A.B. asks: 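Here it is, the structure, as structure tokens.
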Amino acid sequence: MRRTAIRLRLAGALAAVLVAGGIATGPAAQAGEEYGKEPTLADLAQRHGRYFGSATDNPELVDAPYKALLGSEFDQITPGNGMKWYATEPQQGVFDFSQGDEIVNLARANRQKVRGHTLVWHSQLPGWLTGREWTAPELRAVLKKHVQAEVRHYRGKVFAWDVVNEAFNEDGTYRESVFYKTLGPGYIADALRWAHQADPRVKLYLNDYNIEGIGPKSDAYHKLAKELKAKGVPLHGIGLQAHLALQYGYPTTLEDNLRRFSRLGLDTALTEVDIRMQLPATEEKLAQQAEWYRDLTEACLAVRRCVGITLWDYTDKYSWIPPFFPGEGAALPWDEQLRPKPAYFALREALGGR
């Protein structure tokens with residue numbers, strides 16, 4: 001009954017919000033003029049002891065309207081690319097933190113907190129790292145130096161790190177990254193220990209996609225987390241990316257999954273949220289998307305140790321989806337003209353706003 005009422009409310013209030021080709025019409029424009037006068041998503045989330053954030057990337061920061069909304073609506077930001085290995089250590093032993101620093105400085109000016117992303121990942125590695133064979137002692141030294149140099153640089157400036165990103169395959173086996181193949185699964189514990197040495201106060205996470213529901217991949221993280229905790233390895237949380245798609249169904253065991261990680265003494269966070277659809281967007285798809293945004297927000301609010309939600313950028317204008325999933329998009333709560341979609345109002349409702 002509640003779902004039906006919300007569907008009718010959103011359909012009635014925003015029936016003309018269609019985002020085929022990134023264009024919204026009708027009541028969306030009026031809503032866009034009015035919604036900024038209300039408490040922000042961050043304001044509403046703070047009432048529950050949570051944060052509500054967005055990823056961003058350096059090229060977008062020249063867009064003044066985008067930057068203004070980023071600074072006003074959210075209380076947390078994540079650099080989409082500027083802290084990844086290819087950007088921060090483009091040559092071996094030569095570090096460049098300028099892109100990450102730009103976003104950290106923006107966050108500090110807006111009194112936002114920053115999630116560090118990401119220290120160890122199989123993708124977006126510099127050519128000097130991927131273009132040769134390493135012995136285990138060589139790569140271990142390289143990995144330690146990189147992790148500790150970056151964590152020390154941002155010590156006191158980020159509240160959490162995605163230390164290891166996307167370490168497992170869909171079936172729960174370890175991903176055959178250069179780190180796993182050369183160092184074995186112990187590289188994960190080592191990276192966590194090294195990060196903790198460099199900044200004992202920062203929260204350390206493992207982060208991945210398709211672990212929202214209970215299944216082989218999330219089971220692998222649960223097993224690993226339990227083992228790491230038993231060994232005293234400094235692991236503080238699990239990041240569930242929550243890149244969802246309407247055509248694959250909603251992860252109905254999300255709340256149960258969050259709870260089982262909490263029972264291990266871990267925080268959780270929804271770290272890279274977007275909900276894509278097959279284009280063109282329709283009123284029905286946008287209403288379903290809004291329900292999903294509401295449902296995942298309510299799941300986080302229902303679990304005390306789910307500490308916050310981060311959109312993987314907040315507007316379709318800068319979404320990563322269309323280039324990677326041709327024919328799909330319209331994944332975020334704001335359209336390409338920075339106008340709020342039904343998902344935005346569903347988020348507000350889930351957080352207790354109007």
Side-chain angles (χ1 to χ4, degrees), residues 51 53 55-58 76-108 112-126 128-129 134 138-167 177-180 182-183 185-208 224-225 228-229 231-239 241 266-269 271-272 307-308 310:
Y51 62 80
T56 191
D57 209 355
N58 300 79
Q76 180 268 323
I77 52 179
T78 302
N81 289 293
M83 290 183 177
K84 290 174 180 173
W85 200 318
Y86 82 102
T88 55
E89 195 180 356
Q91 302 175 54
Q92 186 174 0
V94 178
F95 291 89
D96 179 358
F97 297 114
S98 57
Q99 292 184 52
D101 288 350
E102 182 182 18
I103 291 173
V104 167
N105 291 337
L106 175 66
R108 296 183 84 171
Q112 297 164 311
K113 55 187 182 179
V114 178
R115 182 183 190 87
H117 178 81
T118 175
L119 296 171
V120 188
W121 190 30
H122 68 276
S123 186
Q124 290 182 257
L125 295 170
W128 65 262
L129 180 58
W134 300 90
E138 286 173 338
L139 186 58
R140 181 178 167 83
V142 165
L143 182 59
K144 181 178 181 179
K145 182 174 182 178
H146 179 81
V147 167
Q148 295 206 316
E150 186 159 10
V151 174
R152 285 193 185 107
H153 180 81
Y154 289 110
R155 183 171 177 165
K157 298 178 181 178
V158 304
F159 76 97
W161 270 109
D162 292 325
V163 178
V164 179
N165 195 46
E166 300 175 4
S177 68
V178 61
F179 307 109
Y180 178 78
T182 308
L183 301 174
Y187 83 91
I188 297 174
D190 285 340
L192 290 163
R193 290 189 185 101
W194 294 331
H196 183 68
Q197 290 169 4
D199 185 354
R201 295 186 177 182
V202 74
K203 298 288 188 179
L204 305 178
Y205 280 70
L206 305 177
N207 189 56
D208 214 325
L224 175 61
L228 293 172
K229 295 287 285 185
K231 294 176 182 177
V233 177
L235 173 66
H236 307 114
I238 301 294
Q241 292 181 11
L266 295 170
D267 290 342
T268 54
T271 56
E272 305 184 17
V307 298
T310 306

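Computed from a prediction, not measured in an experiment: that's the story for all the values here.
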A.B. asks: I want to check something: taking the side chain as every heavy atom from C-beta on, are Trp194 and Leu143 in contact at a cut-off of under 4.5 Å?
C.D. replies: yes
A.B. asks: Is there side-chain contact between Phe179 and Leu129, with at least one heavy-atom pair below 4.5 Å?
C.D. replies: yes
A.B. asks: How long is the gap from CD on Gln148 to CZ on Arg193, to the nearest 0.5 Å?
C.D. replies: 12.5 Å
A.B. asks: Are any non-hydrogen side-chain atoms of Glu272 and Thr78 less than 4.5 angstrom apart?
C.D. replies: no
A.B. asks: Which heavy-atom pair separates Gly82 from Ala87 by the least distance, and what is that distance?
C.D. replies: O-CB, 3.8 Å
A.B. asks: Could you tell me whether the side chain of Ile188 reaches within less than 4.5 Å of the side chain of Tyr180, counting heavy atoms only?
C.D. replies: no
A.B. asks: Determine the minimum heavy-atom distance between Met83 and Val114, stating which atoms define it.
C.D. replies: CE-CG1, 4.3 Å
A.B. asks: Can you tell me how the ring of Phe97 sits relative to the ring of His153, calling it parallel under 30°, perpendicular over 60° and tilted otherwise?
C.D. replies: parallel
A.B. asks: Identify the heavy atoms of Asp199 and Gly156 that sit nearest to each other, and give their distance.
C.D. replies: OD2-N, 3.6 Å
A.B. asks: Is there a side-chain contact between Leu228 and Leu206 in this structure, where contact means two heavy atoms from C-beta onward sitting under 4.5 Å apart?
C.D. replies: yes
A.B. asks: Can you tell me which residue among Lys231, Arg140, Lys144 is in a salt bridge (charged side-chain N to carboxylate O under 4.0 Å, His left out) with Asp190?
C.D. replies: Arg140
A.B. asks: Pairing donors with acceptors under 3.5 angstrom, does anything connect the side chains of Asp162 and His117?
C.D. replies: yes
A.B. asks: Against the six-membered ring of Tyr205, is Arg115 placed for a cation-pi contact (under 6.0 Å from the centre, within 45° of the normal)?
C.D. replies: yes
A.B. asks: So do Glu89 and Glu150 actually touch side chain to side chain, heavy atoms under 4.5 Å?
C.D. replies: no
A.B. asks: Whether the Gln91 and Trp128 side chains hold a donor-acceptor pair (N or O, under 3.5 Å, no angle test) is what I'd like checked.
C.D. replies: no
A.B. asks: Of all heavy-atom pairs between Val163 and Ala195, which one has the smallest distance, and what is that distance?
C.D. replies: CG2-CB, 4.4 Å
A.B. asks: With a 4.5 Å cut-off on side-chain heavy atoms, are Trp121 and Trp85 touching?
C.D. replies: no
A.B. asks: Determine the minimum heavy-atom distance between Gly116 and Val158, stating which atoms define it.
C.D. replies: N-CB, 4.1 Å
A.B. asks: Using 0.5 Å steps for rounding, measure from the CD atom of Gln92 to the NE2 atom of His146.
C.D. replies: 12.0 Å
A.B. asks: Heavy-atom distance under 4.5 Å between the side chains of Asn207 and Gln241, does that happen here?
C.D. replies: yes
A.B. asks: Please round to the nearest 0.5 Å and tell me the distance separating atom NE2 of His236 and atom NE2 of His196.
C.D. replies: 6.0 Å
A.B. asks: Look up atom CG in Leu119 and atom CG in Leu204, then write down how far apart they are to the nearest 0.5 Å.
C.D. replies: 8.5 Å
A.B. asks: Looking at Lys229, I want to see if its NZ is surrounded by more than 12 non-hydrogen atoms of other residues, nucleotides or ligands under 6.0 Å.
C.D. replies: yes
A.B. asks: To the nearest 0.5 Å, tell me how far Glu138 CD sits from Thr182 OG1.
C.D. replies: 10.0 Å
A.B. asks: So if I apply the side-chain hydrogen bond (donor to acceptor under 3.5 Å, both in side chains) rule between Gln124 and each of Thr118, Asn165, Asn81, which one comes out positive?
C.D. replies: Asn81
A.B. asks: Which is it for Gln76 and Val307 under the side-chain contact (heavy atoms from CB on, under 4.5 Å) test, yes or no, and what are the steps along the way?
C.D. replies: CA-CA 12 Å; Gln76 180 268 323; Val307 298; over 6 Å; no
A.B. asks: Would you name the heavy atoms of Ala55 and Thr310 that are closest together and state the gap between them?
C.D. replies: N-CG2, 3.8 Å
A.B. asks: Drop me the distance from Leu266's CG to Lys203's NZ, to the nearest 0.5 angstrom.
C.D. replies: 10.0 Å
